[in-house]
Amino acid sequence: MTKLSKILNIVLYLLLAITLVFAGMFYFGEWLTEADGVAHDTPVYTETFLNWAKLLIYVTAGVSLLFEVFHLVMNPRNAVRSLVSIAILGVITLVAYGLSDDTPLQLIGYQGADNVPSMLTMAGTMLYGTYLLFGIVLVAILYTELSRLFK
């Protein structure tokens, strides 16, 4: 195993350990009750857990973009393939955005500031994008397996 591979494994296990600590705090930590002013029992560490998840997503997206740019610089002939992939993701995002709805939800007991058209459109775009990508992955898996059967 190379030195870089060992370092990456250590980082992976460190991130997993931190995530497990946050998950344990979330599930087994203190809870807010109706007496504390919330409608339902809520873990105290919900925001911390969500912030950790956001940080992991941002770091993953940043590293992915850096590696893609590095790959484009090192292999300029493959740039067309990468640009086509980015264009396909753009089309999927536009389709998901077109399917999303910005109608405010009627939620009993919720007085938060996130029930606004911009947040609802973003959430809908993410959900529909996830559904579309999941469907594409299922079709690709089925196509791959069925094409192997007929070869």
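Note that the coordinates shown come from a computational prediction; the quantities given were computed from them, not determined experimentally.
Minimum heavy-atom separation, D101 to T103: OD1-OG1, 3.0 Å. Closest heavy-atom contact between P76 and V73: CD-O, 3.8 Å. For the pair A96 and G129, the tightest heavy-atom approach, listed with the atom from each and the gap, is CB-N, 3.4 Å.
Here T19 contributes atom OG1 and W52 contributes atom CH2; the two are 5.5 Å apart, rounded to the nearest 0.5 Å. The OG1 atom of T93 sits 10.5 Å away from atom CE of M126, with the distance rounded to the nearest 0.5 Å. Taking CE of M122 as the reference point, atom CE of M119 lies at 4.0 Å (rounded to 0.5 Å). Atom CD1 of I86 and atom CG of L65 lie 8.0 Å apart (nearest 0.5 Å). The structure places CG of L55 at 9.0 Å from CZ of F22, a figure rounded to the nearest 0.5 Å. A distance of 5.0 Å separates OG in S82 from NE2 in H71, rounded to the nearest 0.5 Å.
In the hydrophobic cluster analysis, where Ile, Leu, Val, Met, Phe, Trp and Tyr join through side-chain heavy atoms closer than 4.5 angstrom, I88 is grouped together with V95. Linking Ile, Leu, Val, Met, Phe, Trp and Tyr whenever their side-chain heavy atoms come within less than 4.5 Å puts L15 and V63 in one cluster. Note: the hydrophobic cluster containing L14 does not contain L20 (ILVMFWY, side chain heavy atoms under 4.5 Å, direct or indirect links). L83 and L94 sit in two unconnected hydrophobic clusters of ILVMFWY residues. Membership requires side-chain heavy atoms under 4.5 Å apart, directly or through other members. In the hydrophobic cluster analysis, where Ile, Leu, Val, Met, Phe, Trp and Tyr join through side-chain heavy atoms closer than 4.5 angstrom, V84 is grouped together with I92.
In this structure, the side chains of Y128 and Y131 come closer than 4.5 Å at one or more pairs of heavy atoms. Contact annotation: the side chain of K3 approaches that of I7 to within less than 4.5 Å [non-hydrogen atoms, C-beta and beyond]. Residues T125 and L99 fail the side-chain proximity criterion, which asks for heavy atoms closer than 4.5 Å. Residues L16 and L12 fail the side-chain proximity criterion, which asks for heavy atoms closer than 4.5 Å.
Contacts of L105 classified as side-chain contact (heavy atoms from CB on, under 4.5 Å), with partners at least two apart in sequence or in another chain: L107, N115, L120.
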| said: Determine whether E145 and L149 satisfy the following criterion, side chain to side chain contact (heavy atoms under 4.5 Å, CB included), listing intermediate values before the conclusion. | reply: CA-CA 6 Å; E145 294 300 320; L149 285 175; 5.9 Å; no

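With a 6.0 Å radius and a threshold of 12 heavy atoms from other residues, nucleotides or ligands, I108 has its CD1 atom at or below the threshold. Surrounding CD of E30 are at most 12 heavy atoms belonging to other residues, nucleotides or ligands under 6.0 Å away.
A donor-acceptor pair under 3.5 Å is absent between the side-chain atoms of S5 and the main chain of T2, judged by distance alone.
In this pair, F26 and F49 present their aromatic rings parallel. The plane angle is below 30°, not in the 30 to 60° band.
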